[in-house]
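Everything below concerns the one structure shown next.
A, B, ... follow the sequence lines: proteins, then strands. Residue 1 opens every chain. None of these values were measured; they are calculated from a predicted model.
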Amino acid sequence: MTTDATTDSSTDSAPERYQPRAIERRWQARWEQDDLYRTPDHVEGKQNRYHLTMFPYPSGDLHVGHWFAMAPSDTLARYFRMRGWNVLFPMGFDAFGLPAENAAFKGGMHPKDWTDANIVRMRGQLKAMGATFDWSREVNTSLPEYYRWTQWWFVQLFKQGLAYRKHAAANWCPVDNTTLANEQVVDGCCERCGAVVEQREMEQWFFRITKYAEELLHNEDLDWPEHVKLMQRNWIGRSEGAEVAFALEHPTADGTDEVRVFTTRPDTLHGVTFMVLAPEHPLVDAITTTEHADEVLAYKDRAAHATEIERLSTEREKVGVFTGAYCINHLTGDRVPIWIADYVLASYGTGAVMAVPAHDERDFAFATKYGLPIKVVIAPPDWDGQPLEAAWHDEGTLIASKQFDRMSNVEAKSAIAGYLAEQGWGGPTVNYRLRDWLISRQRYWGAPIPMINCPDDGLVPVPEDQLPVMLPYDVEFRPTGQSPLSLSEEFVNTTCPQCGKAARRETDTMDTFMCSSWYYMRYPDAHNDEQPFSRAAADAWLPVDQYTGGSEHATMHLLYARFFYTVARDLGLVPEGEPFTRYFSQGQILGPDGRRMSKSRGNVVAPDDQVEKWGADCFRAYLMFLGPWDQGGPYDVDSIVGVSRWLNRVWTVVTNPPALVEDAAGARDLRRLAHTTLAKVTEDIEEKRFNTAIAAMMELTNAMQRLRDEGHADAAAWTETVDLLTLMLAPPCPHVAEELWERAGHAYSVHQQSWPEYDPALTVRDTVDIAVQVNGKVRDRISIAPSADEATARAAAEASPRVADHLVGKQVVRVVFVPERLLNIVVR
RNA sequence: GCCGGGGUGGCGAAAUGGCAGACGCAGCGGGCUUAAACCCCGCAGCCGCAAGGCGUGAGGGUUCGACCCCCUCCCCCGGCACCA
């Protein structure tokens, strides 16, 4: 460590200043040299505990948001390590993805080189944080040694029938030139770039996540924030109802003789007056009559060109066209006209709905516009038989429904659904809003889908011993909408693994969410080149005991990861249960102006500058101190100085203590405060309330400062307090804690010490101040023994003139006494 | 529209039925210093000279007592939204 030219270091009496950066560099080097944070799979006498914070995308620079997510997470991992657990806290990089290509395209740098350079830079920045990451387990999803196993996963899913190829309308981002999963479309726009998403018909790979919809829905028992679990449940969107077959009046040329619909209202089946198919419904062309063909064609064309935003708008007037065809309602024998309209979604249910205008607002609007009949089958109370002015969707009693008349509509739901099943016309069913996960991307920087298309054998997976399918370096990766890999003859041309004949490789790459769906399973066995990870490693570490990260991933990463874990479990790769036992979502750190940090707003706070100026310990502590972790908040450039002052004060009181003497009374007071603080800090860290934990440590420090001003303190109590403070400081501020620990003459390292236990006996007070109220208003405060009873407290209270004044001439009607809190005298 | 989370000094916040504003920023006064910075001490919700009164988005309720529980409403943030 170098001493700089500050004048005070030359004099004997002047205290040594706290120099955070020098201390931090010194200890980071030492920890790395000693491999202090390498985590073995098993440690005698310790239980394993897996802590994880979401790994970053290597965009180039670690920003304040990363620190805000990771520093408290590291504090937690350090705390549990001190509690005696063998804590795994790994780090890596989610290194595939679009920004590498876009940046590469702009800067003329190859995506791999750009990504690798960013990782080097960010690894250095992460190390500056002083976190307890076990770098020996680092993963980089863009390396063949990793994506080989991502491809292996794809093959397993394919073999399980969970990966399939389908020609379907897909979300297409015209700016990024690739398809997007449903989850990546926000308000009809690309989640990443904001461009308006289009629909494009193409061959795409999907994962059958919907097979697990019911299982994924059941997340009640997870120790996760309720709002995140709710977001997942809403996203999956279970709805109970019935599937109903309607007979086509004229079967189609290929023999189809019915249309099936999904409805949550089988109770209104007798009120169906028309039917609406999605414009993309496969039956549309076959049933459309010649005289309506032109109109239908024109409408389909218009619907196909509407953007997602237009189609999603609930305000847009509902328009459609008649196909000329009819079907028959089995229950009533009614002849029902079939229309098409784009408010019916091809991708939900059966892509067709039965319309009951009397009891559904959308159908009501549609019927009114086109003069279609409105038939009431649930009578609103006091209904006079006149036409309805609006759809009635509340509960009621069935009418005009044959044998179901006079039944409550709630009963009728199951009664009619059951009757349909008996008659072979459908029956009760459950539908989910969740769609299968579209995973193919027409971009370069991702893991190639390990499939081969053979003219004879069809789609054949690349044999596992031939993985990875290497992503070629020399490829024209300019985004054109055509998969870049398809332009490389060398990549595309191969032979069929089954018949050996010439065949072509799949040229799409995988959605990067696939890489992050299993990375937490890789850390336990990060360098295994025989399998993605061993069962032994999985048993040692999985599931993750504490996961932390932003809740923006609620319906993407967190759902996909649960899906993957379910598959892994079914394959016998991992223990039973869920991937993340506990999950905590931190809030978002905002710019000093209270808005999201972004370069265009010019409100970005650069963490490197802050670390250089204040030190990593101070920056970590500031981020934890600014408010509740799950709430986030603005980064206030001015108030970090308060945390810096605190650490300086800690430094001063510890390195330059008052005269150490014997003082029994002072010792009791100091110990009481030290142990009360320890109790509070322990509880707060367990509850992830870092802001109040730090506030408590500040209070303790302030009290020590007062003793220092007084000039003397009890030697034993002082030393004990210094040690406790240093140990409490170790998780949030690891460097200064290590330095002070060493200066106190203790053995290296503070990070291998046990978390101290507080002594409840030492926290007991001799007297407590309680509030005295008269009619609920505080009139005075009195000091009494904590054990004092009501009579004692009341006597003391009445002795106070400030209280007595309010009792004069009044009659006491009630006295409420809360020990150690207050006394309330109710008078009249 | 539906579902969550929130609204407390000039600012970040604390208190989950019991002394509202701990801790910190900014502010004011003082000390140290040739001076500045650092550092240290003190003051500080609002009105008021004071006694006292008022005060946790607004209004109502329950209670001896409400930031906290209940009802109605307003505003901010997040999610979902033609899912039949």
Exercise for the section: For B:rG7, measure the glycosidic angle (O4'-C1'-N9-C4 for a purine, O4'-C1'-N1-C2 for a pyrimidine) and name it syn if it falls within 90° of 0, otherwise anti. Expected result: anti
Practice task
Please report, rounded to the nearest Å, how far the P atom of B:rC40 is from the CZ atom of A:Arg17.
Solution key: 11 Å
Fill in the blank from the handout: Applying side-chain hydrogen bond (donor to acceptor under 3.5 Å, both in side chains) to A:Glu361 and not counting sequence neighbours gives A:His393
Practice task
Measure from CG on A:Asp363 to C1' on B:rC82 and round the result to the nearest Å.
Solution key: 10 Å
Handout entry: Rounded C1' spacing from B:rU62 to B:rA51 in Å
Key = 33 Å
Fill in the blank from the handout: Taking a pair to mean Watson-Crick or G-U wobble geometry with both distances below 3.5 Å, B:rC67 pairs with none
Problem - Carboxylate-amine/guanidinium proximity below 4.0 Å for A:Arg794 and A:Glu798 - result: yes
Practice task
Could you please name the partner base of B:rG4, counting Watson-Crick and G-U wobble pairs only when both distances are under 3.5 Å?
Solution key: B:rC77
Handout entry: A:Trp339-A:Tyr370 aromatic ring centre distance below 6.0 Å
Key = yes
Practice task
Would you classify A:Trp646 as touching base, sugar-phosphate or nothing, given that sugar-phosphate means primed atoms plus P, OP1 and OP2, and contacts are heavy atoms under 4.0 Å?
Solution key: nothing
Fill in the blank from the handout: Picking from B:rC82, B:rC40, B:rG79, the nucleotide nearest the side-chain atoms of A:Arg649 would be B:rC40
Problem - Closest contact, heavy atoms only, A:Gln232 versus A:Ala554 - result: NE2-O, 2.9 Å
Exercise for the section: Could you check which nucleotide pairs with B:rU34 in any of the strands shown, counting Watson-Crick or G-U wobble with both distances under 3.5 Å? Expected result: none
Handout entry: Value rounded to 0.5 Å, distance of CG in A:Leu647 from CE in A:Met697
Key = 9.5 Å
Fill in the blank from the handout: Looking only at B:rC25, B:rC41, B:rC80, the nucleotide nearest the A:Asp636 side chain is B:rC25
Handout entry: Short side-chain N/O contact to B:rA84 OP1/OP2 from A:Tyr348, under 4.0 Å
Key = yes
Exercise for the section: Sugar-phosphate atoms are those with a prime plus P, OP1 and OP2; base atoms are the rest. Using that split, label each nucleotide of nucleotides 13-21 of chain B B, S or - for protein heavy atoms under 4.0 Å, 5' to 3'. Expected result: SS---BB--
Practice task
Would you please indicate if the ring centroids of A:Phe366 and A:Phe274 are separated by under 6.0 Å?
Solution key: yes
Practice task
Would you indicate what A:Val643 reaches in the nucleic acid, counting non-hydrogen atoms under 4.0 angstrom: base, sugar-phosphate, or nothing?
Solution key: nothing
Exercise for the section: Would you mind classifying the nucleic acid contact of A:Arg779 as base, sugar-phosphate or nothing, using non-hydrogen atoms under 4.0 angstrom? Expected result: sugar-phosphate
Problem - Side-chain ion pair, A:Glu214 and A:Arg238, N-O less than 4.0 Å - result: yes
Completion exercise
Shortest non-hydrogen pair, A:Thr264 vs A:Ser239, comes out as CG2-OG, 4.0 Å
Problem - Euclidean distance for C1', B:rC80 against B:rU72 (whole angstrom) - result: 26 Å
Problem - Distance test, side-chain N/O of A:Arg433 to OP1/OP2 of B:rA81, below 4.0 Å - result: yes
Problem - B:rC68 versus B:rA20 - spacing of their P atoms, nearest Å - result: 14 Å
Completion exercise
When rounded to whole Å, the CG to C1' distance for the pair A:Asn234 and B:rG78 reads 13 Å
Practice task
Select base, sugar-phosphate, or nothing to describe what A:Glu361 touches, counting heavy atoms under 4.0 Å on all strands.
Solution key: nothing
Handout entry: Under 3.5 Å on both distances, the Watson-Crick or G-U partner of B:rU56
Key = none
Problem - Same-atom distance (C1') from B:rU63 to B:rC74, integer angstrom - result: 27 Å
Practice task
Give A:Val353 one of three labels, base, sugar-phosphate or nothing, depending on what nucleic acid heavy atoms sit under 4.0 Å from its own.
Solution key: base
Problem - B:rA84 OP1/OP2 closer than 4.0 Å to side-chain N/O of A:Ser239 - result: yes
Practice task
Return the value, rounded to whole Å, for the distance between atom CZ of A:Phe68 and atom P of B:rG12.
Solution key: 15 Å
Exercise for the section: Starting from the 5' end of RNA chain B, give me the residue, A:Tyr432 or A:His806, whose nearest nucleotide shows up first. Expected result: A:His806
Problem - Whole-Å distance separating the CH2 atom of A:Trp235 from the C1' atom of B:rA81 - result: 11 Å
Problem - Aromatic A:Trp235 / basic A:Arg433 pairing, under 6.0 angstrom, 45° off normal - result: yes
Problem - Pair A:Trp437 and A:Tyr560, ring centroids less than 6.0 Å apart - result: yes
Practice task
Please state the P separation for the pair B:rC40 and B:rA15 - nearest whole angstrom.
Solution key: 26 Å
Handout entry: Atom pair distance, as rounded to whole Å: CG in A:Asp805 and C1' in B:rG52
Key = 13 Å
Practice task
With C1' as the reference atom in both, quote the distance from B:rU16 to B:rC69 in angstrom, rounded to an integer.
Solution key: 10 Å
Problem - Euclidean distance for C1', B:rU8 against B:rC54 (whole angstrom) - result: 15 Å
Problem - Distance test, side-chain N/O of A:Asn648 to OP1/OP2 of B:rC40, below 4.0 Å - result: no
Handout entry: Pairing nucleotide - B:rG27, Watson-Crick or G-U, each distance under 3.5 Å
Key = B:rC43
Practice task
For A:Glu710 and B:rC40, give me the distance from atom CD to atom P, rounded to whole Å.
Solution key: 16 Å
Practice task
Look at A:Arg645 and B:rC39 and indicate whether a side-chain polar atom (N or O) is within less than 4.0 Å of OP1 or OP2.
Solution key: yes
Problem - Distance, P atom - from B:rC28 to B:rG79, rounded to whole angstrom - result: 41 Å
